[in-house]
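Let me begin by presenting the structure, written as structure tokens, before commenting on it.
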Amino acid sequence: MNSLLIAQNIRKNFTIKDNQGRAHLLKAVDGVSLDIAPGEIVGIVGESGCGKSTLGRTILRLYEPDSGTITWKGKNLNSFSREEMKALRKAMQMIFQDPFSSLNPRKKVKNIIAQPLLVHKADSPEETARRVEAVMKEVGLNPAYKRRYPHQFSGGQRQRIGIARALILEPELIVCDEAVSALDVSIQAQILNLILDLREKHGFATLFISHDLAVVEFIAERILVMYLGRIVEKASKTSLTENPLHPYTRALFEAFPSANPSRRLSKKHIVMGDVPSPLNPPSGCHFHPRCPLADEKCRQSSPPLSEVSPGHWAACWKSGV
Amino acid sequence: MISNELLKIDALCVSFNTQRGKVRAVRNLSLGIAEGETLALVGESGCGKSVTAHAITRLIPMPPGLIESGSIHFRGSNLLSFSEKQMRAIRGSRISMIFQEPMTSLNPVFTIGAQIAEVFLAHSKMSKQNAHTKAVELLKLVKIPDPEKRAKSYPHQLSGGMRQRAMIAMALASPNPGLMIADEPTTALDVTIQAQVLRLLAELKERVGMGLLLITHDMGVVAETADRVAVMYAGRKVEDAPVEEIFTNPRHPYTLGLLGCQPSAPANRGAPRLTSIGGSVPDLLTLGEGCPFENRCNRALPVCRENFPSAAAAGSAHTYYCHNPEAPQTEERRS
Ligand SMILES: Nc1ncnc2c1ncn2[C@@H]1O[C@H](COP(=O)(O)OP(=O)(O)O)[C@@H](O)[C@H]1O
Ligand SMILES: Nc1ncnc2c1ncn2[C@@H]1O[C@H](COP(=O)(O)OP(=O)(O)O)[C@@H](O)[C@H]1O
Ligand SMILES: [Mg+2]
Ligand SMILES: [Mg+2]
């Protein structure tokens, strides 16, 4: 199979101290596998705290996984030389939620955008300037503003700066972590369209992380649904939206406000209860306390992610494997 | 005036004096809410929604804020003529507010139960014990699990969704909640919890018969909850109509654009790109007398720069403010 990146059985734990000073293990990412083909847009959706950002950061090697393997173009990252690792850091970039806090307020925009170039290789100053202007144009920023500071731009423009900075090294994979979540909807639409335009032109793969089902449903070709550190369902967009198998996925779809006032929540079945704490997740299937279908088996053992129909995977004892 | 009108705002203008100049945050705004009705006030950030809510409750910081003109009638009396003492009596009793982040309005050093009981004690004569029992009943009413135990919890011990329920319970503890103002009440919540809270609000509204001013930037939330919708842009109301009408027959190009940008909009399903509105919201400091949407509008005419249009009616309950409105949708095209 032609994969750009394969992550297998990734685990990432954090140790949390309670107010008595006792340490607790928090399984932020609990055995997640995924693969991304070159140029593909894979969406990760789930509610806050389910481990999306941790997964994204672990894949980028901003966090060291506690276990699991990551393979890039067929080669295990553990066997990468220093040179290869350096090249890999160029090839994988990230776009964050809050364009403001991720941009140095004291630096001019042209320097912010050029920074990855400076870190990774020594272009001549003329060449750097040329590339900064080109990438500014590409993301819809007027190069005449290159000497301005981040606070002189609107939220949408700041996100364009973040995209320019990620794009300038011509990456093969971009992780977008809630990249449009802080933006007003009219600006969000512009940025989503920009990401699609740039992907079409440059062919980078995208791991698109968001809590917003509608956004992920629009942009992604394949979708992974996470709940308390685990993947509960993964499928092509069409398969997932037309035939969601996991009760949690269905609950998400049901809860999502529809764009149609004649189909109101009051007429739908909505899931009750809060998302449990990841410090003390429920036994068996993590979703069982909120699940209308749960029985004894669900309380006792955790269902594996299995392929229910070609390319459509679900981790549910009731999904009719 | 309609006989069952609960709130009526007329030609309200609110501005702020800032170092850079005068920000006209709300311009010539008129709104009405009938008893028991849910009006959604929708628009992108900075369009004046929260300022409107704060004007109603007279919580605008003055200075730098100033209510320049207009009136706000609540059950017939003009709130703008009330003394601070009169306003204090109304806030938290007949007009209650809930916010995006309930932590800011809950007192961190008192238990949830004590805070709700306090509202009972402030408005009617009863024993502490009785007030506490009633507080637990309310927590049960807003579907907080294990209400007796939760009444003894402090705000930080509750999840975001539970805190928002506790805020709603507190609003309901007042003797006569005529109007609830909810400013982005579910924006900080996860989508499954948002669905629970929205349903709860709808159920309680039916039960108590209160009017609801629901402020949101989310057209999905509007679709789920509103009876009527007012769309704001850069301090101005641009359209006002029953919810079905807004979604199926928007006449202002901004309303149409706002609906079109939603990734969940029917037109975007399977489309290669989202419908989008170019440009960004104008700086309120430099806005002139024209339509604020003019620079982003694909239907703009020269006159749109000159003046803001007066209200036009599309049917009895639908008004819009546009020199060159979208064509009306016929019944066949809607379905
Ligand atoms: N650096 C960290 N230290 C301790 N706990 C963390 C850290 N980062 C994340 N967590 C915890 O891990 C879980 C997953 O968090 P995160 O990956 O940020 O979720 P999401 O992005 O889906 O909201 C949460 O319970 C969060 O509190
Ligand atoms: N205390 C203040 N001082 C100066 N400007 C303010 C103040 N409060 C609000 N504004 C301005 O009023 C406008 C409307 O704000 P607001 O009503 O909060 O918008 P929203 O629709 O997002 O709730 C904004 O441009 C904001 O900058
Ligand atoms: Mg996150
Ligand atoms: Mg606001």
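If you're wondering where the values come from, they're calculated on a predicted model, not measured in any experiment. Order of the sequence lines fixes the chain letters, A, B, ..., with proteins taken first and strands second; residue numbering starts at 1 for each chain.
- Each of B:Glu224, B:Glu244, B:Glu245 was checked for a side chain to side chain contact (heavy atoms under 4.5 Å, CB included) with A:Pro261, and the lone residue meeting it is B:Glu244.
- Proximity of A:Ser186 to B:Arg296: side-chain heavy atoms (C-beta onward) are separated by under 4.5 Å at one or more points.
- Within residues 157-166 of chain B, the residues approaching chain A closer than 4.5 Å by heavy atoms are, in numerical order, B:Ser159, B:Met162.
- With a 4.5 Å cut-off on non-hydrogen atoms, A:Leu196 touches chain B through its backbone and its side chain both.
- Heavy atoms only, all atoms of each residue included: A:Arg290 and B:Thr192 are closest at NH2-OG1, 3.0 Å.
- Other residues, nucleotides and ligands place no more than 12 heavy atoms under 6.0 Å from the NZ atom of B:Lys140.
- For the pair A:Gln190 (side chain) and B:Gly279 (backbone), a donor-acceptor distance under 3.5 Å is present.
- Rounding to the nearest 0.5 Å gives a distance of 8.5 Å between SG of B:Cys47 and CG of A:Asp184.
- Looking at A:Asn260, the atoms closer than 4.5 Å to chain B (heavy atoms on both sides) all sit in the backbone: N, CA, C or O.
- The CD1 atom of A:Ile191 sits 11.5 Å away from atom CG of B:Leu274, with the distance rounded to the nearest 0.5 Å.
- Annotation: ring-ring contact (aromatic ring centres under 6.0 Å, His included) contacts involving residues 188-229 of chain B, sequence neighbours excluded, are absent.
- Counting heavy-atom pairs closer than 4.5 Å to chain A, the top-ranked of the candidates B:Glu44, B:Met219, B:Arg269 is B:Glu44.
- The two atoms that bring B:Val191 and A:Glu47 nearest to each other are N-OE2, 3.5 Å, heavy atoms only.
- Counting non-hydrogen atoms of neighbouring residues, nucleotides and ligands closer than 6.0 angstrom, the CD atom of A:Gln20 exceeds 12 such neighbours.
- The contact list for residues 198-219 of chain A toward chain B, using heavy atoms and a distance under 4.5 Å, reads A:Glu200, A:Ala214, A:Val215, A:Glu217, A:Phe218 by residue number.
- Residues B:Arg273 and A:Asp197 are in side-chain contact: their nearest non-hydrogen atoms beyond the backbone lie under 4.5 Å apart.
- Within 6.0 Å of OH in A:Tyr145 there are 12 or fewer heavy atoms belonging to other residues, nucleotides or ligands.
- Scanning both residues, B:Val221 and A:Pro257, for their nearest heavy atoms gives N-CB, 3.9 Å.
- Heavy-atom minimum distance, A:Ala255 versus B:Ala195: CB-CB, 3.7 Å.
- Listed by first then second residue, pairs satisfying side-chain hydrogen bond (donor to acceptor under 3.5 Å, both in side chains) with a partner in residues 202-216 of chain B read B:Thr38-B:Lys205, B:Lys143-B:Glu203, not counting sequence neighbours.
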